[in-house]
There are 2 protein chains.
Amino acid sequence: MNDMTLDEIDRKILKILQADGRTALSEIARRLDMGSATIHERVNTLEAEGYIQDYRAVLDPELLGLNDVAFIRVRTEAGHFSEVAERLAEETAIQEIHELTGEADLLLKVRVGERSALTDLLSRIGRYEGVLSTSTDVALRSVKEEQRLDLPG
Amino acid sequence: MNDMTLDEIDRKILKILQADGRTALSEIARRLDMGSATIHERVNTLEAEGYIQDYRAVLDPELLGLNDVAFIRVRTEAGHFSEVAERLAEETAIQEIHELTGEADLLLKVRVGERSALTDLLSRIGRYEGVLSTSTDVALRSVKEEQRLDLPG
DNA sequence: AATGAAAGCTTAACGCC
DNA sequence: GGCGTTAAGCTTTCATT
């Protein structure tokens, strides 16, 4: 279902749509000098195979009052980190959950509108079963937050 | 230029477009029971004021061979962390750069296709002026990576 | 796989309220 | 600020290669 090989044209289409998700198919066709029905078919395939997961408007967090970013390191009971991670995934303020090598714990990226929301979240996490301890770093400034992938080619 | 107050309708528009950046204006108009010229005008304003930064296709990193995520903590010479951060921002493999409280250092999120790219990047960072040391955690598994904002309302 | 052509929608601009 | 109308442009399907 997803063992398709991308050619040069597919990669160009992905780059264009990653840069501007609303580029018209007819515009892509013009740039790549192909028929727009062809581009349409290729984009459909890229979506069906999962290369394109979604289309999103990217919103400005600060204008929307979500000013605070924090990273929380969670130590869990041995062997229970995946289980804890699955439950933490339900928390909407938690944007990222990564299982780390080394000390077998979790790293969370959190975005909240007020410090109090962070405090609340931390005490909630502290009471999760399997969580031993947390340690938190608040970001003073986020210099770069890029979601685009660095595609080769 | 951006001291606009969002009403209920603006927030609904943002939510719809954040969930699906290609929703037709006419479809939004239908859902909110308004004229599509009105929605068009509001979306233009939301874009102009910066609430909507961009539209993007979200691509699958693993299908594209970008399998490895790592977090790098960078210790810098006192007072030079912002300067180092600005230079690091040029590295395309570095997706995020955050200045942290506490120990006045930087946290980087990196995504690469091969371990060797991570090794290369680390030795490059180690040679940056103002960088004292780095310490790296590789992610075994990324359980959640959500870019959508948790909008109230 | 790629294409041109046709039908049905969508956007973007206008003038009016 | 909101609306309906309209022209231009877009997407989608389909028969053809």
Side-chain angles (χ1 to χ4, degrees), chain A residues 1-60 62-65 147-149 151-153, chain B residues 1-60 62-65 147-149 151-153:
Chain A
M1 194 259 211
N2 52 24
D3 53 349
M4 166 193 179
T5 316
L6 297 181
D7 64 13
E8 193 57 23
I9 292 163
D10 290 321
R11 261 183 258 113
K12 284 181 180 166
I13 292 173
L14 290 177
K15 279 194 173 185
I16 291 171
L17 288 174
Q18 183 174 229
D20 178 1
R22 289 208 311 194
T23 312
L25 301 181
S26 54
E27 169 65 18
I28 300 174
R30 236 170 271 133
R31 288 198 218 164
L32 304 188
D33 199 28
M34 299 179 82
S36 76
T38 308
I39 301 298
H40 184 221
E41 223 166 53
R42 280 182 178 253
V43 170
N44 280 349
T45 307
L46 290 167
E47 291 169 355
E49 303 282 342
Y51 289 92
I52 298 174
Q53 290 179 334
D54 264 316
Y55 296 89
R56 295 269 168 79
V58 178
L59 309 183
D60 185 312
E62 310 225 332
L63 280 179
L64 293 163
Q147 41 233 304
R148 272 170 295 185
L149 302 178
L151 296 187
Chain B
M1 195 259 212
N2 52 23
D3 54 347
M4 166 193 178
T5 315
L6 297 182
D7 64 13
E8 192 58 21
I9 292 162
D10 290 321
R11 260 182 259 114
K12 283 180 180 166
I13 293 173
L14 291 177
K15 279 193 173 187
I16 291 170
L17 288 174
Q18 184 174 227
D20 179 2
R22 288 208 311 194
T23 312
L25 301 181
S26 54
E27 169 64 19
I28 300 175
R30 237 169 270 134
R31 288 197 219 165
L32 302 187
D33 199 29
M34 298 179 82
S36 76
T38 308
I39 300 298
H40 184 218
E41 227 165 51
R42 279 184 180 251
V43 170
N44 280 348
T45 308
L46 290 167
E47 290 169 356
E49 303 283 342
Y51 289 91
I52 299 173
Q53 291 179 332
D54 265 315
Y55 297 88
R56 296 266 169 80
V58 179
L59 309 184
D60 185 311
E62 311 225 332
L63 280 180
L64 293 162
Q147 41 233 307
R148 273 173 293 186
L149 301 177
L151 295 187

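Below, chain A is the first sequence line, B the second, and so on; all start at residue 1. Below, each value reflects all heavy atoms present in this structure, side chains not excepted, and no hydrogens, waters or symmetry copies.
In this structure, CD of B/Glu27 is placed 10 Å from P of C/dT11, rounded to the nearest angstrom. The separation between A/Asn44 atom CG and C/dA1 atom C1' is 14 Å, rounded to whole Å. The distance from atom CG of A/Asp7 to atom C1' of C/dA1 is 10 Å, rounded to the nearest whole Å. One atom, CD1 of B/Ile28, and another, C1' of D/dG2, lie 16 Å apart when rounded to the nearest Å. At whole-Å resolution of the value, CD1 in A/Ile39 and C1' in D/dT11 are 13 Å apart. Computed from coordinates, the B/Ile13 CD1 to D/dG1 P distance equals 13 Å when rounded to whole Å. Atom pair A/Leu17:CG and D/dT11:C1' shows a separation of 14 Å (rounding to whole Å applied). Separating the CD atom of A/Glu41 from the P atom of C/dG4 is a distance of 14 Å, rounded to the nearest angstrom.
Side-chain contact between A/Gln147 and B/Val58 is absent, with no heavy atoms from C-beta onward closer than 4.5 Å. Residues B/Glu8 and B/Lys12 form a side-chain contact, since some pair of their non-hydrogen atoms from C-beta on lies under 4.5 Å apart. The side-chain heavy atoms of A/Leu17 and A/Ile28, taken from C-beta on, include a pair separated by under 4.5 Å.
Applying the 4.0 Å criterion to OP1 and OP2 of C/dA2, one finds that A/Arg42 has a side-chain N or O inside that range. Between B/His40 and the phosphate of C/dT11, there is no side-chain N or O to OP1/OP2 separation shorter than 4.0 Å. An OP1 or OP2 oxygen of C/dT10 is reached within less than 4.0 angstrom by a side-chain nitrogen or oxygen of B/Ser26.
Within the nucleic acid shown, B/Ala24 comes within 4.0 Å of sugar-phosphate atoms alone, with no base atom in reach, counting heavy atoms only. Among the heavy atoms of the strands lying under 4.0 Å from A/Arg30 are primed sugar atoms or P, OP1, OP2 only; no base atom is included. The residue B/Thr38 sits close to a base: some heavy atom pair falls under 4.0 Å.
Nearest heavy-atom pair, A/Gly50 versus B/Asp60, reported as atom, atom and distance to 0.1 Å: O-CB, 3.3 Å.
Comparing A/Arg22 and A/Gly35 along DNA chain C, the residue whose closest nucleotide (by nearest heavy atom) sits nearer the 5' end is A/Gly35.
Comparing C/dT11, D/dG2, C/dG4 against the side chain of A/Ala37 picks out C/dG4 as the nearest.
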Walk me through it: do B/Asp10 and B/Thr45 pass the test side-chain contact (heavy atoms from CB on, under 4.5 Å)? CA-CA 10 Å; B/Asp10 290 321; B/Thr45 308; over 6 Å; no
